[in-house]
Amino acid sequence: MTALVNFTQKKIWNVVGALVGWFAVVGQLVLIIINRQTDLFETIIRFFSYFTILTNTLVALYFTSQISTIRALKFLKNNASLTAITGFILIVGLVYQIVLRSIWQPSGFQMVIDELLHTVIPMYVLVYWFMFIIFEDLKPRLLFSWLLYPLIYFIVIMFRGSFSDFYPYPFVDATSIGYTKVFGNFLVLSVVVMILLSILYLLARFFKKQ
């Protein structure tokens with residue numbers, strides 16, 4: 001009976017996570033298209049240039065993978081992926097609260113979407129992780145292989161920014177602050193990501209012993 005209750009509870013969390021995640025991502029896409037200042041193709045490219053959007057999309061895909069049989073999402077169906085995505089979405093929330101909130105004052109529906117992307121979803125994923133993580137299935141090699149995600153993201157936005165002059169965040173804007181400072185910022189964030197993933201791994205191990 002307990003196993004059935006846990007299965008049902010997890011399924012509810014997965015469904016809600018998928019619905020909220022896709023609502024936030026699609027809602028932001030609609031808003032950026034409505035308020036676009038360039039052509040549609042460039043607008044969509046810029047939309048997916050944001051780490052926030054990519055990571056929230058990963059969250060939505062993770063929850064979708066838990067309630068579907070889509071084979072392309074099979075790589076997400078493990079506790080290493082859940083832990084890595086939890087770490088990345090927490091970075092999204094922390095960077096927004098510490099760095100970006102003071103320079104961005106949305107209103108109306110944009111404020112709702114912003115709070116979902118940067119506050120509600122990060123907290124939801126963290127609680128979900130605490131409730132359902134299984135340490136025995138948390139493979140360190142798979143977990144830390146996810147560090148390629150922010151590295152590839154950084155390389156792509158810096159390469160594209162070098163000829164498009166579009167940088168999604170002020171702390172990676174090489175035109176304004178220079179490459180030295182940008183690389184310094186990336187190094188700091190990389191260290192924070194590694195520390196956060198390590199903390200989540202150790203927490204999973206600690207709670208497993210309780």
Side-chain angles (χ1 to χ4, degrees), residues 2-30 32 44-45 47-96 113-154 156-157 193-194 196-205 207-208:
T2 301
L4 180 60
V5 171
N6 288 341
F7 175 80
T8 303
Q9 185 182 41
K10 186 176 182 181
K11 189 171 184 179
I12 292 171
W13 275 79
N14 286 330
V15 171
V16 172
L19 290 174
V20 173
W22 287 120
F23 174 79
V25 171
V26 173
Q28 184 60 68
L29 177 59
V30 171
I32 201 171
I44 293 174
I45 290 178
F47 176 74
F48 286 107
S49 296
Y50 288 94
F51 191 77
T52 294
I53 297 301
L54 292 175
T55 305
N56 273 278
T57 300
L58 270 178
V59 168
L61 287 171
Y62 172 81
F63 285 121
T64 301
S65 77
Q66 302 303 300
I67 58 175
S68 71
T69 57
I70 301 174
R71 295 184 64 181
L73 300 181
K74 187 178 180 180
F75 75 101
L76 294 173
K77 292 188 173 186
N78 60 74
N79 285 275
S81 294
L82 170 59
T83 302
I85 291 170
T86 300
F88 295 135
I89 198 66
L90 288 177
I91 290 294
V92 167
L94 288 170
V95 170
Y96 182 80
I113 295 297
D114 250 46
E115 292 303 327
L116 286 175
L117 293 171
H118 300 101
T119 306
V120 175
I121 291 175
M123 292 306 301
Y124 186 91
V125 174
L126 180 61
V127 173
Y128 178 95
W129 182 87
F130 270 111
M131 291 177 63
F132 301 113
I133 188 64
I134 300 174
F135 176 73
E136 288 81 357
D137 297 333
L138 182 53
K139 309 299 182 188
R141 179 179 60 82
L142 290 177
L143 173 60
F144 289 99
S145 68
W146 272 91
L147 291 171
L148 287 172
Y149 165 55
L151 176 61
I152 292 171
Y153 168 79
F154 179 73
V156 170
I157 63 167
V193 168
M194 286 188 283
L196 189 51
L197 292 184
S198 299
I199 289 173
L200 289 174
Y201 179 83
L202 292 174
L203 282 174
R205 183 175 182 177
F207 285 118
K208 174 246 185 181

Between OG1 on residue Thr83 and CD1 on residue Ile134, distance to nearest 0.5 Å: 10.5 Å

Atom CE of Met123 with >12 non-hydrogen neighbours under 6.0 angstrom: no

Point-to-point distance, once rounded to the nearest 0.5 Å, from CG of Leu138 to CG of Leu203: 11.0 Å

Member of Phe47, Tyr153, Phe88 meeting the side-chain contact (heavy atoms from CB on, under 4.5 Å) criterion with Leu54: Tyr153

Any side-chain heavy-atom pair of Leu76 and Ile85 under 4.5 Å: yes

Taking every non-hydrogen atom, the tightest pair across Lys139 and Glu136: NZ-O, 3.6 Å

Met131 side chain near Gln9 side chain, heavy-atom distance below 4.5 Å: yes

Test item: Ser81 side-chain N/O and Phe75 main-chain N/O as donor-acceptor pair under 3.5 Å: yes

Ile32/Ile44 under side chain to side chain contact (heavy atoms under 4.5 Å, CB included): CA gap, chis, key distance, verdict: CA-CA 8 Å; Ile32 201 171; Ile44 293 174; over 6 Å; no

Matching residue for Gln28 among Leu116, Ile53, Asn56 - test: side-chain contact (heavy atoms from CB on, under 4.5 Å): Ile53

Nearest heavy atoms of Leu73 and Ser68, plus distance in Å: CD1-OG, 4.4 Å

Side-chain donor/acceptor of Lys77 to backbone N/O of Ser65, under 3.5 Å: yes

Gap between atom CG of Leu197 and atom CG of Leu147 - 0.5 Å precision: 5.5 Å

Short side-chain to backbone donor-acceptor contact, Asn79 and Ile133, under 3.5 Å: no

Over all atoms of both residues, closest heavy-atom pair of Ala24 and Ile121: CB-CD1, 3.9 Å

Minimum side-chain heavy-atom gap Phe51-Tyr149 below 4.5 Å: yes

Gap between atom OG1 of Thr57 and atom CH2 of Trp22 - 0.5 Å precision: 5.5 Å

For the student: nearest non-hydrogen atoms of Ile157 and Ser49, plus distance: CG2-O, 3.8 Å

Nearest heavy-atom neighbours spanning Pro122 and Leu90: O-CD2, 3.9 Å

Tyr50 vs Thr55, side chain to side chain contact (heavy atoms under 4.5 Å, CB included): CA-CA, chis, key distance, verdict: CA-CA 9 Å; Tyr50 288 94; Thr55 305; over 6 Å; no

Verdict with supporting geometry, Tyr128 and Leu82, side chain to side chain contact (heavy atoms under 4.5 Å, CB included): CA-CA 9 Å; Tyr128 178 95; Leu82 170 59; 3.9 Å; yes

Distance, nearest 0.5 Å, that separates CZ of Phe135 from CG of Asp137: 10.5 Å

Main-chain N/O of Trp13 paired to Tyr124 side chain as donor or acceptor, under 3.5 Å: yes

Over 12 foreign heavy atoms within 6.0 Å of NZ, Lys11: no

Worked check of side chain to side chain contact (heavy atoms under 4.5 Å, CB included) between Phe63 and Val125: CA-CA 10 Å; Phe63 285 121; Val125 174; 4.2 Å; yes

Minimum side-chain heavy-atom gap Val92-Leu117 below 4.5 Å: no

Validation row: Leu58, Trp146 side chains within 4.5 angstrom (heavy atoms): yes

Reported NZ-to-OG1 distance for the pair Lys74 and Thr69, which is rounded to 0.5 angstrom: 12.0 Å

